[in-house]
There are 2 protein chains.
Amino acid sequence: MKTIRDVAKNAGVSPATVSRVLNNKGYVSEEKKKRIEKVIQEMGFEPNQVARGLAKKTSNTLALIVSDITNPFFPELAKGAEYIARSHGYSLLLGNTKGVDNESNDYIKILMNKYIDGVIIATHDIDSQLLEKHRETPMVILEMENEIENACTIKVDNIQGSVTATEHLISVGCKKIAHIYGPLYDQTAKERLKGYQEVIRAHDEYKELTVPGDFTIDGGISAVRELLDEHPDIDGLFAGNDLMAVGVIKELSRLKIRVPEDIAVCGFDGIYLTKVFSPEITTIEQPIYEMGELAAEKLIDRIKNPHLNSEHIELKTKLVIRQSSNRNKLSL
Amino acid sequence: MKTIRDVAKNAGVSPATVSRVLNNKGYVSEEKKKRIEKVIQEMGFEPNQVARGLAKKTSNTLALIVSDITNPFFPELAKGAEYIARSHGYSLLLGNTKGVDNESNDYIKILMNKYIDGVIIATHDIDSQLLEKHRETPMVILEMENEIENACTIKVDNIQGSVTATEHLISVGCKKIAHIYGPLYDQTAKERLKGYQEVIRAHDEYKELTVPGDFTIDGGISAVRELLDEHPDIDGLFAGNDLMAVGVIKELSRLKIRVPEDIAVCGFDGIYLTKVFSPEITTIEQPIYEMGELAAEKLIDRIKNPHLNSEHIELKTKLVIRQSSNRNKLSL
DNA sequence: ATAGTATATGAAACCGGTTTTAGAAAATGG
DNA sequence: CCATTTTCTAAAACCGGTTTCATATACTAT
């Protein structure tokens with residue numbers, strides 16, 4: 001392994017001068033600069049990132065902490081984040097929190113000892129107390145309106161999205177519209193429920209019909225069963241996320257209930273699966289890949305400017321109408 | 001940030017002794033050991049991994065390089081690998097190669113400069129020449145029978161799997177069975193094609209019907225169109241992977257061709273989507289999560305024993321019969 | 001001509017660990 | 001009892017960069 005001292009020797013200068021060239025920082029004469037660059041080229045020298053990290057207290061590495069990378073929401077996010085990270089010379093560490101208790105296994109502390117430059121949090125499994133403890137670490141938090149000082153949060157306007165979803169079901173002629181909401185410790189779930197309620201309450205002819213779900217496919221299946229038990233006559237269903245919408249449609253198809261003819265279904269998230277599923281699923285699309293990119297960009301921003309204030313970014317969602325709610329004869 | 005020298009001072013010993021306690025290596029008297037451990041505890045000292053890395057030329061970090069994390073095969077693999085990595089005190093770096101040219105952007109070289117301890121390769125986008133260049137790095141290569149010295153390769157028995165798939169379609173009564181194969185630079189695709197051919201050639205009454213695909217959903221859609229153009233009477237279809245099977249079924253459903261009644265379909269891989277899709281898809285299941293775990297285990301093994309010989313592991317696949325090929329009246 | 005500033009460079013200290021070296025003390029043994 | 005060997009410890013060197021400090025020279029400005 002070639003070191004900066006080898007380069008220095010070959011170029012007849014001191015290591016300090018080589019370092020200055022490497023970092024493009026401080027005074028170096030044109031002549032020596034040329035010479036040093038030539039030697040670096042010839043030797044194929046690449047600075048050791050670990051040594052550099054020790055000296056500068058950085059690692060050029062970001063971390064993305066998700067609850068479970070197999071949840072289809074996250075790979076897209078990860079891809080966007082990794083792309084931006086790499087473009088800026090950072091690598092991306094991946095962590096799953098599902099099934100790991102955070103107290104005894106403080107992920108962020110481990111990361112700090114590795115001089116990880118910043119963290120993107122996309123999980124509910126790390127409580128805010130723990131986050132608060134690492135306030136000094138550059139952080140971007142997704143889908144949670146967290147009040148960590150210094151942090152940047154990125155989320156979509158869930159209320160608006162879910163208002164749009166509910167109104168869409170109304171507009172395609174649904175008369176009894178139910179909502180399956182996610183776990184309420186999840187702010188996202190709460191907001192989506194709220195949007196649904198707002199719309200229903202604004203229309204006297206509609207009645208609030210809600211059942212809890214857990215944001216999984218199986219949760220969607222059991223929720224829709226429960227729902228049909230009590231209200232066999234529903235004709236519109238807004239699921240709190242796409243995975244539950246998938247479960248719902250699977251179960252309805254098993255019960256020979258037609259989608260969208262008998263029940264129109266709308267999900268939320270815009271995961272790839274909705275496009276692929278048959279019938280294709282109407283959903284409130286979040287710009288997931290772009291959120292990953294934005295998260296990484298904002299994080300890098302914060303790494304370079306450590307004293308940015310906290311910032312809350314709210315993105316717009318987009319209604320994507322597909323077969324599962326398409327009751328007009330128009331083929332899409 | 002507390003350093004080993006602070007600990008040493010507080011415990012009235014030298015840094016070297018603290019290091020010996022930390023690494024449980026070399027002679028330390030019971031009495032000092034106790035004292036040092038107590039001080040470490042009290043101070044909440046945690047060794048800086050970067051400094052340690054510089055001295056020991058390690059980082060306690062593995063890298064997983066995939067072509068595209070949004071391909072549903074990879075998240076499961078990543079989860080298994082990350083789980084094992086974390087259990088052994090390693091972190092996992094994630095890299096996507098899709099759309100990145102490897103010559104100018106030598107991923108592994110970047111990783112080496114970070115003292116990444118080992119790499120799991122699950123992409124075809126890094127050519128073997130490049131891999132060869134990093135022969136000294138502990139490596140586990142998935143789904144490619146590569147002849148890198150020192151490396152460990154993990155794959156499934158694709159031929160056996162695809163023989164099973166084809167025979168399964170025969171056993172449910174298909175008379176004209178076609179195969180959509182993947183890109184042939186991919187060894188996996190080649191082997192699966194071969195398994196199909198073996199079976200078809202062993203039966204005089206069957207004829208080889210193959211079309212190329214590209215292992216994507218859209219590829220499945222166009223391949224099945226092409227296939228039906230030429231052979232509208234096929235009644236069995238073995239897709240080279242699950243994504244193409246999904247595309248196939250989507251397109252068949254659009255054409256009002258019933259699955260499995262008119263055409264029975266079987267995929268390969270066992271991604272989650274096959275369980276979720278409607279109809280549920282028969283597939284040759286690979287133990288994806290376990291492959292991720294195994295890859296990480298083998299890699300860690302190789303890191304700890306740097307002079308292991310190259311090793312080729314071949315895992316068994318499992319036929320999972322679901323609706324898409326279930327032509328008996330038996331409900332599953 | 002002289003003070004003051006910008007440019008240029010190398011030596012040395014530093015980042016925070018690990019490892020080698022060397023010497024002292026204790027245990028073993030012939 | 002003296003020669004080894006084993007145990008124990010601290011000082012110093014090291015990993016491979018960056019940064020500070022000190023010094024020297026070349027420009028400006030007064």
Side-chain angles (χ1 to χ4, degrees), chain A residues 1-37 39-40 43-61 89 109-117 303-304, chain B residues 1-37 39-40 43-61 89 109-117 303-304:
Chain A
M1 185 100 305
K2 298 121 189 169
T3 76
I4 202 173
R5 289 168 226 261
D6 300 333
V7 174
K9 198 168 293 172
N10 283 0
V13 299
S14 77
T17 306
V18 178
S19 176
R20 281 183 209 111
V21 170
L22 247 29
N23 296 59
N24 212 359
K25 188 177 180 179
Y27 296 114
V28 181
S29 67
E30 260 320 298
E31 177 238 334
K32 291 212 168 150
K33 186 173 171 190
K34 284 264 152 55
R35 191 158 87 225
I36 291 170
E37 277 166 348
V39 172
I40 288 176
M43 299 179 65
F45 165 81
E46 308 240 356
N48 177 316
Q49 295 300 324
V50 178
R52 179 174 267 186
L54 180 59
K56 307 221 284 197
K57 298 185 191 306
T58 62
S59 63
N60 285 320
T61 305
K109 193 190 260 173
I110 295 171
L111 299 178
M112 290 310 96
N113 289 327
K114 293 194 173 184
Y115 286 157
I116 298 301
D117 300 321
I303 290 164
K304 298 199 167 148
Chain B
M1 186 98 303
K2 299 122 189 170
T3 74
I4 202 174
R5 288 168 227 264
D6 300 333
V7 174
K9 198 167 295 172
N10 283 0
V13 298
S14 78
T17 306
V18 178
S19 176
R20 278 181 217 115
V21 170
L22 247 29
N23 294 57
N24 211 0
K25 189 178 180 179
Y27 296 112
V28 182
S29 66
E30 261 320 298
E31 177 239 332
K32 290 211 169 152
K33 187 175 172 188
K34 284 262 152 56
R35 191 158 88 224
I36 291 170
E37 277 167 348
V39 171
I40 288 176
M43 299 179 66
F45 165 81
E46 309 238 358
N48 178 316
Q49 295 299 324
V50 178
R52 179 174 268 186
L54 180 59
K56 306 222 285 196
K57 298 186 191 307
T58 63
S59 63
N60 285 319
T61 305
K109 195 190 259 173
I110 296 171
L111 298 178
M112 289 308 97
N113 290 326
K114 294 194 173 184
Y115 285 156
I116 298 300
D117 301 320
I303 290 165
K304 299 198 167 150

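As a basis for the values below, the full set of heavy atoms in this structure was taken, side chains included, without hydrogen atoms, waters or symmetry mates. Below, chains carry the letters A, B, ... as their sequence lines are ordered, and counting in each starts from 1. Because the structure is predicted, anything quoted here is derived from the model rather than measured.
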Mind listing the N/O atom pairs, protein and nucleotides 4-7 of chain C, below 3.5 Å?
{"unit_1": "dT7(C)", "atom_1": "OP2", "unit_2": "Tyr27(A)", "atom_2": "OH", "d": "2.4"}

Start with the C-alpha distance between Ile4(B) and Leu22(B), add both sets of side-chain angles, then the distance that settles side chain to side chain contact (heavy atoms under 4.5 Å, CB included), and finish with yes or no. CA-CA 10 Å; Ile4(B) 202 174; Leu22(B) 247 29; 3.9 Å; yes
When every nucleotide of nucleotides 23-28 of chain C is labelled 5' to 3' by its protein contacts under 4.0 Å (heavy atoms), B for base, S for sugar-phosphate only, - for none, what sequence of letters results? ------
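- Using a 4.0 Å heavy-atom distance criterion, Val13(B) is classed as a sugar-phosphate-only contact.
- Across all strands, Lys33(B) comes closer than 4.0 Å to no nucleic acid atom at all (heavy-atom distances).
- With the nearest nucleotide of DNA chain D identified for both Lys32(B) and Leu54(B), Lys32(B) has the one nearer the 5' end.
- The two atoms that bring Pro15(B) and Ala8(B) nearest to each other are N-CB, 3.6 Å, heavy atoms only.
- One axis for each end of the helix from dA1(C)-dT30(D) to dG30(C)-dC1(D), each built from five base pairs, and the angle between them comes to 40° at 10° resolution.
- Applying the salt bridge (Lys or Arg N to Asp or Glu O under 4.0 Å) test to every pair with at least one member in residues 6-26 of chain B, sequence neighbours left out, gives no pairs at all.
- Take Lys114(B) and apply the side chain to side chain donor-acceptor pair (under 3.5 Å) test, not counting sequence neighbours, and it matches Thr61(A), Ser91(A).
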Which atom pairs, donor and acceptor, lie under 3.5 Å between side-chain atoms of residues 44-56 of chain A and protein residues at least two apart or in another chain?
{"unit_1": "Glu46(A)", "atom_1": "OE1", "unit_2": "Asn113(B)", "atom_2": "ND2", "d": "3.3"}
{"unit_1": "Glu46(A)", "atom_1": "OE2", "unit_2": "Lys109(B)", "atom_2": "NZ", "d": "3.4"}
{"unit_1": "Asn48(A)", "atom_1": "OD1", "unit_2": "Val50(A)", "atom_2": "N", "d": "2.7"}
{"unit_1": "Asn48(A)", "atom_1": "OD1", "unit_2": "Ala51(A)", "atom_2": "N", "d": "2.9"}
{"unit_1": "Asn48(A)", "atom_1": "ND2", "unit_2": "Tyr115(B)", "atom_2": "OH", "d": "2.7"}

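- Within 4.0 Å of Val28(B), counting heavy atoms only, lie sugar-phosphate atoms of the nucleic acid but no base atom.
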Got a list of protein N/O to nucleotides 19-22 of chain C N/O distances below 3.5 Å?
{"unit_1": "dT19(C)", "atom_1": "OP2", "unit_2": "Lys25(B)", "atom_2": "NZ", "d": "3.4"}

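- For Lys304(B), the side-chain contact (heavy atoms from CB on, under 4.5 Å) criterion is met by Tyr90(B), Ile300(B), not counting sequence neighbours.
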Which atom pairs, one a donor and one an acceptor, fall under 3.5 Å between side chains of residues 28-37 of chain B and the rest of the protein, sequence neighbours left out?
{"unit_1": "Ser29(B)", "atom_1": "OG", "unit_2": "Lys32(B)", "atom_2": "N", "d": "3.3"}
{"unit_1": "Glu31(B)", "atom_1": "OE2", "unit_2": "Arg35(B)", "atom_2": "NH1", "d": "2.6"}
{"unit_1": "Arg35(B)", "atom_1": "NE", "unit_2": "Ala11(B)", "atom_2": "O", "d": "3.0"}
{"unit_1": "Arg35(B)", "atom_1": "NH2", "unit_2": "Ala11(B)", "atom_2": "O", "d": "3.1"}

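- Applying the side chain to side chain donor-acceptor pair (under 3.5 Å) criterion to Ser14(B), with sequence neighbours excluded, gives Thr17(B).
- Contacts between chain A and DNA chain D, taken as any atom within less than 4.0 angstrom of a protein heavy atom, begin and end at dG16(D) to dT20(D).
- Rounding to the nearest 0.5 angstrom, the gap separating the CG atom in Asp117(B) from the CE atom in Met112(B) is 8.5 Å.
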